[in-house]
2 protein chains.
Amino acid sequence: MTTPPRRPLTLRDVSEASGVSEMTVSRVLRNKGDVSEATRARVQEAAKRLGYVPNKIAGALASSRVNLVAVVIPSLKNMVFPEVLSGISETLETTALQPVVGVTDYGQDKEEKVLFEMLSWRPAGVIVAGLEHSETAQAMLHNAGCPVVEIMDTDGEPIDCCVGISHRRAGRHMAEAIIAQGYRRVGFMGTKMPLDHRARKRFEGFTRALGKAGIEMADQEFYSGGSALAKGREMTAAMLGRTPDLDFLYYSNDMIGAGGLLYLLEKGIDIPGRVGLAGFNGVELLEGLPRRLATTDACRREIGQRAAQMVLARQLDATLASEVVELEPSLDPGDTLLRT
Amino acid sequence: MTTPPRRPLTLRDVSEASGVSEMTVSRVLRNKGDVSEATRARVQEAAKRLGYVPNKIAGALASSRVNLVAVVIPSLKNMVFPEVLSGISETLETTALQPVVGVTDYGQDKEEKVLFEMLSWRPAGVIVAGLEHSETAQAMLHNAGCPVVEIMDTDGEPIDCCVGISHRRAGRHMAEAIIAQGYRRVGFMGTKMPLDHRARKRFEGFTRALGKAGIEMADQEFYSGGSALAKGREMTAAMLGRTPDLDFLYYSNDMIGAGGLLYLLEKGIDIPGRVGLAGFNGVELLEGLPRRLATTDACRREIGQRAAQMVLARQLDATLASEVVELEPSLDPGDTLLRT
DNA sequence: ATGAAAGCGCTAACAA
DNA sequence: TTGTTAGCGCTTTCAT
């Protein structure tokens, strides 16, 4: 690091500093083609000494190769998405590809904007949460000119590749487990529907399965915003207040479920004797709770890994066909579901 | 959307489809210069019909303007960083700038890699967590050729701009509050130090202030990995087992503090009569706990906002000088610190 | 093993 | 208001 330059350095600077043509410098810096050890060393020394950072913009334009994978998710506040991201990152870690994250805040307009923005950088692949997109967004994805992987959900028509779980089935399975345990007065708490398609599908699968067993949902409540843990408390208190004979509470995510659990324990209510509980997601947080909340593991890390692999595979062989993978979420009864 | 093309569309395609020069098409698409309403309409119609997505790579190369702001943080699993990100995003929302996130996993090597990768896209600004970087990383930031904002921490020498809190002072203040309440046998639980400089500085400030009051740390324990909530439980149980006369527990983050709180409540231990507790960060989660854990709010959202503003300001006026802002974290005693 | 020339898709600067 | 001409900094291709 000699004197810091105001103008970013170019290949030409390294070329002049090392007395080697730009072309050869380029080759060295990319470990391409045959270059003698002598020149390679000189070039590397010069590049390092100057503190040269290649300009990927120019490189990408010239080669029409971009090592970015666009990842579009609804939010970072819900721990679920960072976990999917981890799966993606760890899989891409050892490759040349790099994830770039865009957040939609559960909005279709925002999703359009984010997609447009990301696609204008011509990414090597797109990983996007969910199967529901605006017409415009669908069109953009169709014309993306790169592999597209829709993740988290398999209930719908994918544009290209897809990996996730069926939330309808997840809801149904939980309902079946609840019924099998003899619960009959079931309440549901969740996020306001239009915002979250997967939560909505779980709800639908859940209510339908209850219906088939001749059980009608005894009470339900939906929230948005605020501390999920606190909301879980409040909603649980309110619901049990107005429908005291409930014997099971199904929460659309573990966080509100945890809030409910803490509230009921405080009240000294017998779980699951008096009320059974279940959440959804299988988040790490549950491990530290006084009781293990029943939940369904949504395979988040694996979804991320598989999605990244799909993009990678299509990098190597662009002719690969679309691929749809439905993962099997596992129901963990914890300590709040099984009546012994 | 007529027939989906394999080759991405270019300005030329829109130019031909609309019978207007590339240059004018470019102007329309960027709302630049004077263009007649008639041509503007024709161009926009053509662009929309074809489904044209501009190539930012070419645009950036030609204009040497990139609307990306690199944000480099240690992790997404610690809710603190998504919150900082929210502050950044919401501030940039209404501007042309866009955040791009890189994660270092608390590793200096990884930080170097991520920085190099991001800088090679010539971002309009860099926002990076912490003041501790490898020599190489520091050199890169110096030569970045764009505003650099180091965030979260002010205890050290910033490269350019800086906004955060003094973690040493935060630790000291908590110690002073604890001492003022008459606690004398204090235990500390936190993350393994080398990974987290801010936690280390809080610890240092804390122990030093205790020392000045003639109090020596009675016990301490450090963890890494695993569910923070569960670790908080385990460590609390272990520590109280081996040092039963502790009257205060200071946790380096709210999550392990919450675990400790839940554990102690379960054991029926009087809080804060028998043991006082405090965490750090002021995370939303605390609102749903049975008791409000004492904590220090680390101003995360504001840090994000201020950092984004610093980058924005320097976009408009590149001559602006470096700026260092130390925010004042507020100590919230909750229900677990004050002996009434 | 190395170099020279052309051009990736766009925009700045100027001309008309 | 619109068009023309040069590049931006690299990589591809082809020569040497």
Side-chain angles (χ1 to χ4, degrees), chain A residues 5-44 46-47 50-68 96 117 119-124 145, chain B residues 5-44 46-47 50-68 96 117 119-124 145:
Chain A
R6 217 49 265 168
R7 170 181 66 74
L9 295 166
T10 68
L11 262 192
R12 164 171 241 116
D13 296 306
V14 182
S15 164
E16 283 167 0
S18 61
V20 174
S21 80
E22 283 187 46
M23 197 51 242
T24 302
V25 171
S26 169
R27 282 198 266 258
V28 170
L29 266 23
R30 287 176 300 144
N31 304 308
K32 278 259 180 153
D34 301 298
V35 182
S36 73
E37 259 321 310
T39 39
R40 174 175 304 276
R42 276 172 57 205
V43 169
Q44 279 171 336
L50 298 175
Y52 171 71
V53 176
N55 185 331
K56 287 226 179 193
I57 296 171
L61 183 60
S63 65
S64 42
R65 248 185 287 283
V66 178
N67 69 337
L68 269 20
E117 196 70 26
L119 287 179
S120 71
W121 288 99
R122 302 287 187 263
Chain B
R6 218 50 261 163
R7 169 181 65 76
L9 296 165
T10 68
L11 261 192
R12 165 172 238 115
D13 296 307
V14 182
S15 165
E16 284 168 0
S18 61
V20 175
S21 79
E22 284 187 44
M23 197 52 237
T24 304
V25 172
S26 169
R27 283 197 267 255
V28 171
L29 267 22
R30 287 177 299 145
N31 305 309
K32 277 259 181 157
D34 300 298
V35 181
S36 74
E37 258 322 310
T39 37
R40 174 177 303 277
R42 275 171 60 205
V43 168
Q44 279 172 334
L50 298 176
Y52 172 70
V53 176
N55 186 331
K56 288 225 179 193
I57 297 171
L61 183 60
S63 65
S64 41
R65 245 185 286 284
V66 179
N67 69 337
L68 268 20
E117 196 71 25
L119 288 178
S120 70
W121 288 100
R122 302 288 188 263

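What you see below is based on every heavy atom in this structure, not just the backbone, and it leaves out hydrogens, waters and symmetry mates. Given the structure is predicted, the values throughout are model-derived calculations rather than measurements. Each chain gets a letter, A, B and so on, in the order the sequences are listed, and its residues count up from 1.
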Considering just the side-chain nitrogens and oxygens of B:Tyr52, establish if one lies under 4.0 Å of OP1 or OP2 belonging to C:dG9.
no
Taking only side-chain N and O atoms of A:Ser36, does any of them lie within less than 4.0 angstrom of OP1 or OP2 on C:dT2?
yes
Send over the distance from A:Trp121 CH2 to C:dG9 P, rounded to a whole Å.
16 Å
Would you say B:Ser15's side chain and B:Leu11's backbone share a donor-acceptor pair under 3.5 angstrom?
no
Would you please confirm or rule out a distance under 4.0 Å between OP1 or OP2 of D:dC8 and any side-chain N or O of B:Arg65?
no
What is the distance from NZ of B:Lys56 to C1' of D:dC8, rounded to the nearest Å?
17 Å
Measure the spacing between CD1 of A:Ile57 and NZ of B:Lys56 and express it to the nearest 0.5 Å.
11.0 Å
Euclidean distance, atom CD1 of residue A:Ile57 to atom P of D:dC10 [Å, nearest integer]
10 Å
Please tell me if the side chains of B:Leu50 and B:Val14 come closer than 4.5 Å, counting only heavy atoms from C-beta onward.
yes
Between C:dT11 atom P and B:Asn55 atom CG, what is the distance in whole Å?
9 Å
Contact under 4.0 Å: A:Ser63 side-chain N or O vs C:dC8 OP1/OP2:
no
So which atom in A:Ser120 and which in B:Pro54 form the shortest heavy-atom distance, rounded to 0.1 Å?
CB-O, 3.1 Å
Does any residue of residues 10-35 of chain A have a heavy atom under 4.0 Å from DNA chain C, and if so, which ones, in number order?
A:Val20, A:Ser21, A:Met23, A:Thr24, A:Arg27, A:Asp34, A:Val35
Between A:Arg122 and C:dC8, is there a side-chain N or O to OP1/OP2 distance below 4.0 Å?
no
Side chains of A:Thr24 and A:Val35: closer than 4.5 Å at any heavy-atom pair?
yes
Closest contact, heavy atoms only, B:Arg7 versus B:Asp13
NH1-OD2, 3.0 Å
